[in-house]
Amino acid sequence: MEDGPVNLREFQELAKRNLPKMYYDYFSGGAEDQFTLRENVEAFQRIMLRPRILVDVSKIDMSTTLLGYNMSSPILVAPTGSQQLAHPQGELATARAAAACNTIMVLSFASNYSLEDVASTCSAVRFYQLYVFKRRDVSAALLQRAERNGYKAIVVTVDTPRLGRREADIKNKMIMPRNSNLEGLISVDVNPTGGSKLEAFASETLDPSLSWKDIEWLKSITKLPIMVKGIITAEDARKAVDAGVSGIVVSNHGARQLDYTPPTISVLDEVVKAVSGAVPVLLDGGVRRGTDVFKALALGAKAVMIGRPVVYGLAVKGEHGVRSVIKMLQNELELTMALAGCPTLRDITRNHVMINYDRPRSPL
């Protein structure tokens, strides 16, 4: 890799060399046996492509919109916390890179830099990730700050009534990284009897009583569109639409919560059908290639989010690394569209992919 990484796997290898073990394990690890962590990636590899030939692909258009905001491609930056552990510039570097690539960054509630600092670093469309805490006034204050600082949507993570068992963090006695957004609102000073300080903080602050009523409450205190992140079933997708959300992110939290849940790409089709076009559906988890993006779009996703690859790029080359990761995926998607006979995103359909349960489409 003397000339630099040529794919996201190589970025991950370099990030592993650059980062202290505690930090690399924190970013890369999953829950318990990490079965779902592996499946998130490997499930994409079980989906085959069905290219169409003799299509004019001299011009490829990857542009799209989300909630009315323009993007150069259907690739967003997922909320990933504690980015200063990867690079001193942390979320500031990621924000500038996302803006340079004309895409949307979803800022994590657990960012080391405050949401105000990130908002002021450059002009761009950004969303804000929110958790609902036991103290509702903390969640309300964060939402109001996001509104004041120009964030365009709220992405509520709904799959974390309690923190999943992340055994690497327990073994490493993972520290509680600085969270500028919570300073003055809630104490992050926890003293666990053993294991991860992050787990102890989550246990003290996250609300296991979180329910659909809280989505109604959030809608009542903001005019911003609310998306929910953490849906993996048709039943919950229909409930989300009934609750009036503006979008759904199919996500298993990067396989960091409940192990042995299905990989997100395997349930995307189910969620898209349940929603029936009422709201945009995004996918998060396991995207490592432009072909993965293409497969998600073919199965009905409006766009995808990438988290770990962004952090790996950040750990390797800072802002330039994040730009390289996003551009790499965009270039791979553009090539895939050309080779599959799809000059625009609208041309990508379910007929362009074949899953192992699909029957042959015509006799030999």
Side-chain angles (χ1 to χ4, degrees), residues 65-69 71 76-79 81 104-111 114-116 118-119 124-162 181-182 185-186 202 205-253 257 264 268 270-284 300-303 305:
T65 62
L66 179 63
L67 303 182
Y69 298 105
M71 299 188 297
L76 289 80
V77 174
I104 294 172
M105 173 187 182
V106 183
L107 180 67
S108 169
F109 97 98
S111 58
S114 71
L115 62 89
E116 289 85 359
V118 174
V125 175
R126 274 179 289 271
F127 298 169
Y128 184 69
Q129 179 211 25
L130 187 70
Y131 280 79
V132 177
F133 294 96
K134 290 177 182 177
R135 284 184 51 192
R136 295 297 192 272
D137 61 307
V138 173
S139 298
L142 290 170
L143 191 156
Q144 290 159 6
R145 285 166 59 189
E147 279 187 323
R148 287 197 303 268
N149 285 275
Y151 290 78
K152 302 302 184 184
I154 301 297
V155 179
V156 184
T157 294
V158 294
D159 59 5
T160 314
R162 294 172 58 179
N181 291 317
L182 296 181
L185 289 175
I186 194 169
T205 57
L206 297 180
D207 191 352
S209 75
L210 179 68
S211 71
W212 289 107
K213 291 181 180 178
D214 293 296
I215 303 300
E216 295 177 16
W217 169 68
L218 288 171
K219 283 174 57 64
S220 74
I221 63 171
T222 183
K223 294 180 179 179
L224 292 179
I226 291 178
M227 304 178 71
V228 289
K229 180 176 180 288
I231 301 289
I232 58 171
T233 66
E235 296 91 333
D236 283 337
R238 284 190 285 266
K239 283 189 174 183
V241 172
D242 290 342
V245 305
S246 298
I248 288 171
V249 183
V250 176
S251 172
N252 52 35
H253 211 111
Q257 281 298 102
T264 50
L268 175 60
E270 168 187 337
V271 171
V272 168
K273 288 177 180 176
V275 168
S276 299
V279 297
V281 176
L282 282 67
L283 177 127
D284 167 78
K302 177 70 172 178
M305 289 183 173

message = Run the ring-ring contact (aromatic ring centres under 6.0 Å, His included) test against Phe109 and tell me which residues pass, sequence neighbours left out.
response = Tyr131, Phe133
ring-ring contact (aromatic ring centres under 6.0 Å, His included) partners for Phe127, two or more places apart = none
ask   = For residues 139-162, which residue pairs qualify under ring-ring contact (aromatic ring centres under 6.0 Å, His included), counting only residues two or more places apart or in two chains?
value = Tyr128-Tyr151
Measure the [atom1]-[atom2] distance between [X] and [Y] for me, rounded to the nearest 0.5 Å.
X	Y	atom1	atom2	result
Ile232	Leu268	CD1	CG	12.5 Å
Leu130	Ser108	CG	OG	10.5 Å
Asp159	Asn252	CG	CG	8.0 Å
Ile248	Lys229	CD1	NZ	13.5 Å
Leu218	Ile226	CG	CD1	5.0 Å

query = What closest approach, in Å, do Ile221 and Ala140 show between heavy atoms, and which atom pair accounts for it?
reply = CD1-CB, 4.0 Å
ask   = What's the shortest heavy-atom distance between Ala303 and Leu76, and which atoms?
value = CB-CD1, 3.6 Å
task = May I have the step-by-step check of side-chain contact (heavy atoms from CB on, under 4.5 Å) for Thr205 and Val138, ending in yes or no?
result = CA-CA 10 Å; Thr205 57; Val138 173; over 6 Å; no
message = Between Val125 and Leu66, is there a side-chain heavy-atom distance shorter than 4.5 Å?
response = no
key: Beyond-backbone contact of Met305 with Ser251, side-chain heavy atoms, under 4.5 angstrom   = no
Pair up each side-chain donor or acceptor in residues 233-246 with any protein partner under 3.5 Å, not counting sequence neighbours, and list the distances.
{"residue": "Thr233", "atom": "OG1", "partner": "Asp236", "partner atom": "N", "Å": "3.2"}

Of all pairs that satisfy salt bridge (charged side-chain N to carboxylate O under 4.0 Å, His left out), the ones with a partner from residues 126-142, not counting sequence neighbours = Arg135-Asp137, Arg136-Asp207, Arg136-Asp214
inquiry  = Using modelled atom types and a 3.5 Å cut-off, is there a donor and acceptor pairing between side-chain atoms of Thr264 and backbone atoms of Asp284?
reply    = yes
inquiry  = For Met227 and Leu67: C-alpha separation, side-chain torsions, deciding distance, then whether side-chain contact (heavy atoms from CB on, under 4.5 Å) applies.
reply    = CA-CA 10 Å; Met227 304 178 71; Leu67 303 182; 4.0 Å; yes
Please tabulate, one pair per line, all N/O donor-acceptor pairs under 3.5 Å involving side-chain atoms of residues 142-149, not counting sequence neighbours.
{"residue": "Arg145", "atom": "NE", "partner": "Glu116", "partner atom": "OE2", "Å": "2.8"}
{"residue": "Arg145", "atom": "NH1", "partner": "Asn181", "partner atom": "O", "Å": "2.9"}
{"residue": "Arg145", "atom": "NH2", "partner": "Glu116", "partner atom": "OE1", "Å": "3.0"}
{"residue": "Arg145", "atom": "NH2", "partner": "Glu116", "partner atom": "OE2", "Å": "3.4"}
{"residue": "Glu147", "atom": "OE2", "partner": "Thr222", "partner atom": "OG1", "Å": "2.6"}
{"residue": "Glu147", "atom": "OE2", "partner": "Lys223", "partner atom": "N", "Å": "3.4"}
{"residue": "Asn149", "atom": "ND2", "partner": "Arg145", "partner atom": "O", "Å": "2.8"}

